[in-house]
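To start, the structure under review is shown below, and the notes come after it.
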Amino acid sequence: MDTQTTKLELLKAILDNENSEFIQRVSDFVKKEKNDFWNELSLSEQKEIKKGIEDLNNGKRISYDSFLKKISQ
């Protein structure tokens, strides 16, 4: 059975089912299967993002124009 057929059968089974507990379990399963991009970042990437947020929260920021000038040098 190909993937597309399996997806359609799963969708039909969900749509035909009136059991709210079953629907909730399927929903919970799907939510758990979604990957959070944060977990796919390296530790150094996570650290850089956290540092950037901390800098912004502490008022350390530059204008967009200044940033463009800095990276174009």
Side-chain angles (χ1 to χ4, degrees):
M1 183 178 309
D2 69 338
T3 303
Q4 190 65 25
T5 302
T6 303
K7 288 168 145 182
L8 290 171
E9 287 182 1
L10 284 169
L11 183 57
K12 182 174 179 345
I14 292 168
L15 290 172
D16 289 344
N17 196 310
E18 297 299 326
N19 182 332
S20 60
E21 185 179 321
F22 169 77
I23 300 299
Q24 188 59 54
R25 285 195 320 255
V26 170
S27 177
D28 292 345
F29 175 79
V30 171
K31 287 176 187 173
K32 286 178 188 176
E33 289 299 307
K34 288 183 182 179
N35 288 332
D36 184 347
F37 84 94
W38 183 259
N39 297 328
E40 297 191 15
L41 297 174
S42 70
L43 290 178
S44 63
E45 290 170 323
Q46 290 178 5
K47 187 176 180 179
E48 285 293 319
I49 291 170
K50 287 178 182 177
K51 172 82 169 89
I53 292 170
E54 183 180 319
D55 286 348
L56 287 172
N57 289 337
N58 291 328
K60 295 180 183 176
R61 46 186 88 191
I62 62 171
S63 71
Y64 182 67
D65 289 335
S66 296
F67 172 74
L68 288 178
K69 286 178 187 175
K70 184 177 179 179
I71 64 168
S72 66
Q73 294 176 349

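Since the structure is predicted, the reported quantities are computational estimates derived from the model, not experimental observations.
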Item to check | Any side-chain heavy-atom pair of Thr3 and Lys7 under 4.5 Å | outcome: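 They are in side-chain contact.
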
Checklist entry - Can Phe37 be reached from Ile53 by stepping across I, L, V, M, F, W or Y side chains whose heavy atoms are under 4.5 Å apart? => result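 Yes, one cluster joins them.
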
Checklist entry - In terms of hydrophobic clusters joined by side-chain contacts under 4.5 Å, are Ile62 and Leu68 together? => result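 Same hydrophobic cluster.
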
Item to check | Heavy atoms from other residues, nucleotides or ligands near CD of Glu40 exceed 12 (cutoff 6.0 Å) | outcome: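 Enclosed.
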
Item to check | Residue Phe67 excluded, over 12 heavy atoms near CZ under 6.0 Å | outcome: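 No, because the 6.0 Å sphere around CZ of Phe67 holds 12 heavy atoms or fewer from other groups.
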
Atom pair [atom1] ([X]) and [atom2] ([Y]), whose distance is rounded to the nearest 0.5 Å:
| X | Y | atom1 | atom2 | result |
| --- | --- | --- | --- | --- |
| Leu56 | Lys51 | CG | NZ | 10.0 Å |
| Thr6 | Gln4 | OG1 | CD | 9.0 Å |
| Ile71 | Ser66 | CD1 | OG | 11.5 Å |
| Leu41 | Glu48 | CG | CD | 11.5 Å |
| Leu15 | Ile23 | CG | CD1 | 8.0 Å |

Item to check | Carboxylate-amine/guanidinium contact Lys32 Asp28, below 4.0 Å | outcome: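 No.
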
Checklist entry - Which heavy atom in Trp38 sits nearest to a heavy atom in Gln46, and how many Å separate them? => result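 Looks like O-NE2, 2.7 Å.
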
Item to check | Any donor-acceptor N/O pair, Asn58 side chain to Glu54 backbone, under 3.5 Å | outcome: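 Judged by distance alone, yes, a pair lies under 3.5 Å.
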
